[in-house]
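These notes are about the structure you will find just below.
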Amino acid sequence: MEGGVAYENDLNLKETELRLGLPGTGSTIEKGVSGARNNKRPLPETREEGGANGKPDAQHDDQENAPAPKAQIVGWPPIRSYRKNSLQPKKAEAEAAAGMYVKVSMDGAPYLRKIDLTVYKGYPELLRALENMFKLTIGEYSEREGYKGSEYAPTYEDKDGDWMLVGDVPWEMFLSSCKKLRIIKGSEAIGLGCGA
Amino acid sequence: MGPNPKMRKEFFDSTRSSPFPDEVLERVLSLLKSHKDLSPEIVARRFPRVKSVTLKGKPRFSDFNLVPENWGADVHPWLVVFAAKYPFLEELRLKRMAVSDESLEFLAINFPNFKVLSLLSCDGFSTDGLAAIATHCKNLTQLDIHENGIDDKSGSWLSCFPENFTSLEVLNFANLNTDVNFDALERLVSRCKSLKVLKASKSISLEHLQRLLVCAPQLIELGTGSLMPELTACQYAQLENAFNQLKNLSTLSGLWEASAPYLPVLYPACTNLTFLNLSYAFLQSHELESLLCQCPHLRRLWVLDTVGDKGLEAVGSNCPLLEELRVFPADPFDEEVIHGVTEAGFLAVSYGCRRLHYVLYFCRQMTNAAVATIVQNCPDFTHFRLCIMNPGQPDYVTNEPMDEAFGAVVRTCTKLQRLSVSGLLTDLTFEYIGQYAKNLETLSVAFAGSSDRGMQCMLEGCPKLRKLEIRDCPFGNAALLSGLEKYESMRSLWMSACNVTMNGCRLLAREMPRLNVEVMKDDGSDDSQADKVYVYRSVVGPRRDAPPCVLTLSGL
């Protein structure tokens, strides 16, 4: 998905779409969509092509592609297959039972966190939680200027694969579309100040 | 013919009643020291009378799926020779061997005195093989099936023990998942009055467990089945009573799906426990603490990291006699969820458990300072296995490599025999190891080191090094070839995903004709790369049972 493409008039698709949503989120999704402002703010990274002119440092890249590669190292951590197989079902159970976990990464942090979005009632709570978790200041959101005045900006990847600024869409819509969070800093954060 | 597993004679166990002539023992003792790899025929020739055999087959990294499945270590050729030369064989213990149902049946039928079978981390057999053992081994005293890759077809194998069979002393079938024939099991347990060890599988419910315990109050080691709650108050009382009868219990394990309300039922049996294996029980810190309060004599403890640092603080406070601690990760592959244990838990244990000498610790963060303090508190470590689960992770406070941590370990723990390192490590770690680890026999290295020098330090130092296993390190041919003479005094070397090439391996094989150099290639890798290398001594040259994916370079 390229950044910068605004979605309009796809209500038909959304209404007929089959979704796996949490109980109770179905109807709010419909409402959210009809009034949607689709402010897709492309992050600089999404416009980069990989390859010849190289990528930013490995750490950055790893976080960009966070999910699969690290977890796929064969035979690491060194746990016997028997133990792996015995514990696996347990983990799946535990995850299915609880909330809506999304990964949270931050540029420069060595490992990712996970939070349960259902615990928060709205954006202010979520932002304070992130500030506490990573020991930083994010500040106030404004539609026009994003998180101006802060060195950091919380972004999230939605179900379309696009990176959005946290706060751009109504809370319920955010809940239903957020796949993972990423706190970016520095120039990228400033660059997000402009709209799509 | 056949694989070259390592072989050990066990004549020295004092519980064994059959004596051996001194001249046999002397000859055996002199050969044992070399631990050379032999073929069945040579073994049979050198050791004319053998009652007990232990065979270890595949490289240890096969436990982590790094070795091709059909690599070898088939037990069958050994059994064929043993049937001819040692028909009176009584005990067979196999580790990481390929074992088929046919082999198990062959074993059951050809050795009339057979008493003890132990299978650990083996694969290739099913419950049909167990049925054969149960059917034919009239003198069986021990059946220990532990962490194998079994094709678990059904539990009816238990019914194959004849009704007049009463000699069983050890029964461990915790490995299995299917339902067993409980009535058959209950009858078996009732009539085997000498049963000392019973380790049940997950399928055994609490109600079943109660009935078994009533039949066998003399148990010394118990592995429970599932502790899923499904008891009435009356049943709970009965279970409590049953545990109360277990006056001699020294080992408790199993505890699958252990749930808090049912843990207290175990308490009466805990007074004499020396080994508590909770590594399949998802316990919280307070649950662990309550349990530990009941076990004043605990020497060995295995737990999941769900107990957290707080749980480990409880260990430090309640287990002054602790000698061994293993902390396994409940969620090893989900690196995003931050939980588990940290350096704080390990520190807490070290302050309270000064006799600790064996540790296996999986964590997601560690510091050099913590490790230095830990070994200061517990200088008697013989086995120090630390796994910082994110490869190449530095000291999370200082951001420096973990070199000083392992430097402290090898400097302080002069009795160290086994070491596993992890985290961000430069060649300096290996300089320390080479310089100080004078008693080190087994060393495991992953995602570490900066250059060939690292491996050279290990090979040039460490006079007692026997097993060296390396993966994903920047060590190349120069490093590999720096250990030529050393490999003859070592049991084995494993190197995978390093920078070793086929030419380097060929050179090694040429220079050292008494070594087998096995190379396993990964799919789609460069022709010149030696992706996985396994080097071991052999007096019989390349083995003939190697599959096509294993190339043996030998100078012979």
Side-chain angles (χ1 to χ4, degrees), chain A residues 57-59 62-106 108-117 129-130 132-135 157 179-183, chain B residues 60-67 96 120-121 123 146-150 174-175 177 202 256-257 279-282 302 304 306 328-339 360 362-365 385 387-394 396 399 420 422 424 444 446-447 469 471-472 496-497 522:
Chain A
D57 64 284
Q59 171 93 13
D62 276 346
Q63 289 187 347
E64 181 80 52
N65 300 313
K70 275 180 189 169
Q72 301 297 340
I73 301 175
V74 174
W76 190 266
I79 312 277
R80 277 192 186 160
S81 315
Y82 176 76
R83 174 168 289 280
K84 261 193 305 192
N85 297 336
S86 303
L87 292 177
Q88 271 308 91
K90 203 61 202 193
K91 170 194 159 175
E93 265 170 53
E95 291 216 320
M100 209 180 117
Y101 281 92
V102 295
K103 304 168 196 172
V104 187
S105 65
M106 184 175 94
Y111 41 69
L112 312 182
R113 311 287 295 256
K114 234 181 195 177
I115 57 173
D116 179 0
L117 290 180
L130 292 177
N132 278 333
M133 192 179 281
F134 291 98
K135 308 279 180 280
E157 183 180 5
K179 276 178 26 194
K180 64 180 164 193
L181 286 160
R182 180 175 157 205
I183 301 177
Chain B
R60 192 176 76 97
F61 277 7
S62 73
D63 284 350
F64 318 129
N65 300 328
L66 289 178
V67 174
R96 293 193 198 100
L120 170 59
S121 286
D123 59 15
H146 193 47
E147 297 201 356
N148 302 286
I150 300 184
N175 210 156
N177 287 321
K202 256 185 258 192
W256 310 93
E257 293 146 346
S279 64
Y280 293 100
F282 285 68
W302 295 14
L304 279 180
T306 52
F328 295 93
D331 220 347
F333 304 105
D334 189 353
E335 54 175 42
E336 296 99 8
V337 186
I338 300 305
H339 53 212
L360 171 61
F362 285 86
C363 59
R364 288 184 172 86
Q365 66 188 50
R385 303 165 64 187
C387 182
I388 303 167
M389 286 190 272
N390 192 20
Q393 186 172 300
Y396 82 99
N399 242 3
S420 301
S422 59
L424 178 65
S444 307
F447 305 99
E469 7 175 78
R471 63 165 292 178
D472 293 274
S496 58
D522 292 335

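Residue numbers begin at 1 in each chain, while the letters A, B, ... track the order of the sequences.
A donor-acceptor contact shorter than 3.5 Å is absent between the side chain of A:Trp76 and the backbone of B:Asn390. Put simply, the side chain of B:Arg471 gets close to the backbone of A:Gly75: a donor and an acceptor are under 3.5 Å apart.
Proximity to chain A is limited to the side chain of B:Leu304, based on heavy atoms less than 4.5 angstrom apart. Heavy-atom distances place the side chain of B:Phe328, and not its backbone, under 4.5 Å from chain A.
With sequence neighbours left out, B:Asp472 forms a salt bridge (Lys or Arg N to Asp or Glu O under 4.0 Å) with no residue at all. Qualifying salt bridge (Lys or Arg N to Asp or Glu O under 4.0 Å) partners for B:Arg96, counting only residues two or more places apart in sequence or in other chains: B:Asp63.
Between A:Pro78 and B:Phe362, some side-chain heavy-atom pair lies under the 4.5 Å cut-off. At a threshold of 4.5 Å between non-hydrogen side-chain atoms, the residues A:Pro77 and B:Pro329 do not count as touching. Using a 4.5 Å heavy-atom cutoff, the side chains of B:Pro332 and A:Arg83 are not in contact.
When all heavy atoms of A:Val74 and B:Leu66 are compared, the closest pair comes out as CG1-CD2, 3.8 Å. Contact detail for A:Tyr82 and B:Asn175: the closest heavy-atom pair is CE1-ND2, 3.1 Å.
Atom CE of residue B:Met389 and atom CD1 of residue A:Ile79 lie 7.0 Å apart, to the nearest 0.5 angstrom.
When each of B:Ser279, B:Gly149, B:Ser121, B:Cys387 is checked for heavy-atom pairs under 4.5 Å with chain A, B:Ser279 comes out on top.
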